[in-house]
Protein chains: 2
Amino acid sequence: MVVDGMADESAETVDRLFHALADATRRDILRRCVRGELSVSRLAAAYPMSFAAVQKHVTVLERAGLVTKERRGREQLVRTEPDAVRRARQALDELESAWRARVDRMSGLLARDAGATTGPVTPARDGTTTEGTDR
Amino acid sequence: MVVDGMADESAETVDRLFHALADATRRDILRRCVRGELSVSRLAAAYPMSFAAVQKHVTVLERAGLVTKERRGREQLVRTEPDAVRRARQALDELESAWRARVDRMSGLLARDAGATTGPVTPARDGTTTEGTDR
DNA sequence: CCCATCTACAACCATTTGGTTGTACGTTAG
DNA sequence: CTAACGTACAACCAAATGGTTGTAGATGGG
């Protein structure tokens, strides 16, 4: 289910996404560009590092799909791509929903336990913990 | 503007968070543990790498605050920490909200433009580029 | 035309990362 | 007690990262 259509790529795609977000300079570049597209050289002027270093950061953001570059005369304007942020959020949602599902299951079990009718329901498979009652 | 209370640390904290999420194995560990806590050795059995490697991945997740370890006899149970996922989402929200603010501003300008000019011109819309003269 | 600017890219270096193996230590089972 | 299991940690290695400098190609202004 869940439309795994491109499940293959999504692993590497998500890798690149989060990797790009895992650097303070790159997040700052995103914040600046989200307020209005900027040329690479103007961006570079804002950081205590070389032009080439900033250029590399922009490349990482670009390969992650977080920004796009557009030529304008001799400058290259960098702009953020809002869809990518949404994809990242979606990846987090997946984790969070899994957690929520687990909580739901647990509270369901708890409610049932309270009622005492313990049927053959117990999914020992999940826990994989054979250690129910050692000790 | 909700100035992030603890903006100092949050940079490194967010770094660690996204870095931990930028690896398919670690994301898989999270998915497994969110369904129920698992011992490190049981986790290790699920991947085509050594125990020590998985141990390192768990350490990365732990330092990012994404999981906690709890000793149980001679095993160490790993469980996900849902708050961390929310922190990551919050960091994304920050970016997305900035983008939304910009869109609001733009649609305001567009509404004004609609009645004014129809030419191939782009009015001096790049106000941002001129204001940032820090040189 | 000439020059200054902006960009692209290669080569290089230090550090980190992700993986391995090996060893040591605490805990539980027989 | 001893053996087996689960963990922790150090040492080591190849590859990727994040940074530097240097060189070269386009583009626009005077």
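Proteins come first, then strands; the chains are lettered A, B, ... in the order of their sequence lines, and each starts at number 1. Note that these values count all heavy atoms, side chains included, but never hydrogens, waters or copies made by symmetry.
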Establish whether [X] and [Y] are linked, either directly or via other cluster members, by ILVMFWY side-chain heavy-atom contacts under 4.5 Å.
{"X": "Ile29(A)", "Y": "Val60(A)", "value": "no"}
{"X": "Val78(B)", "Y": "Leu95(A)", "value": "yes"}
{"X": "Val14(A)", "Y": "Phe18(B)", "value": "yes"}

For this session: Give Ser41(B) one of three labels, base, sugar-phosphate or nothing, depending on what nucleic acid heavy atoms sit under 4.0 Å from its own.
Result: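 Sugar-phosphate only.
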Exercise. So what does Ser39(B) hit on the nucleic acid, given a heavy-atom distance under 4.0 Å: a base, only sugar-phosphate, or nothing?
Worked result: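 Sugar-phosphate: the residue Ser39(B), judged by heavy atoms under 4.0 Å, touches backbone atoms but no base.
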Rounded distance (Å) that lies between atom [atom2] of [N] and atom [atom1] of [X]:
{"X": "His57(A)", "N": "dA8(C)", "atom1": "NE2", "atom2": "P", "value": "16 Å"}
{"X": "Glu12(A)", "N": "dA16(D)", "atom1": "CD", "atom2": "P", "value": "12 Å"}
{"X": "Arg16(A)", "N": "dA16(D)", "atom1": "CZ", "atom2": "P", "value": "14 Å"}
{"X": "Leu43(B)", "N": "dA8(D)", "atom1": "CG", "atom2": "P", "value": "12 Å"}
{"X": "Leu38(A)", "N": "dT7(C)", "atom1": "CG", "atom2": "C1'", "value": "16 Å"}
{"X": "Glu75(A)", "N": "dA8(C)", "atom1": "CD", "atom2": "C1'", "value": "15 Å"}
{"X": "Asp23(B)", "N": "dT16(C)", "atom1": "CG", "atom2": "C1'", "value": "14 Å"}

Which nucleotide in the set [options] lies at the smallest distance from any side-chain heavy atom of [X]?
{"X": "Lys56(B)", "options": "dT17(D), dG18(C), dT27(D)", "value": "dG18(C)"}
{"X": "Arg74(B)", "options": "dG6(D), dT21(C), dG18(C)", "value": "dG6(D)"}
{"X": "Gln55(A)", "options": "dC9(C), dG19(D), dT27(D)", "value": "dC9(C)"}
{"X": "Phe51(B)", "options": "dT7(D), dT27(D), dT20(D)", "value": "dT7(D)"}
{"X": "His19(B)", "options": "dT17(C), dG26(C), dG28(D)", "value": "dT17(C)"}
{"X": "Gln76(B)", "options": "dG18(D), dT5(C), dT7(D)", "value": "dT7(D)"}
{"X": "Arg71(B)", "options": "dT21(C), dC6(C), dT7(D)", "value": "dT7(D)"}

For this session: Identify, between Met49(A) and Val40(B), the residue whose nearest nucleotide on DNA chain D lies closer to the 5' end.
Result: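 Looking at DNA chain D, the more 5' nearest nucleotide goes with Val40(B).
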Problem set entry | Residue whose nearest DNA chain D nucleotide is more 5′ - Ser50(A) or Gly73(A) |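 Result: Ser50(A).
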For this session: Can you see which heavy atom on Gly65(A) is nearest to which on Glu81(A), and at what distance?
Result: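 Closest approach of Gly65(A) to Glu81(A), heavy atoms only: O-CB, 3.4 Å.
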For this session: Considering just the side-chain nitrogens and oxygens of Lys69(A), establish if one lies under 4.0 Å of OP1 or OP2 belonging to dA8(C).
Result: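 Yes, within the criterion.
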Exercise. Would you say Arg86(A)'s side chain and Glu96(B)'s backbone share a donor-acceptor pair under 3.5 angstrom?
Worked result: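 No, the answer is negative, given that no donor and acceptor are paired below the 3.5 Å cut-off.
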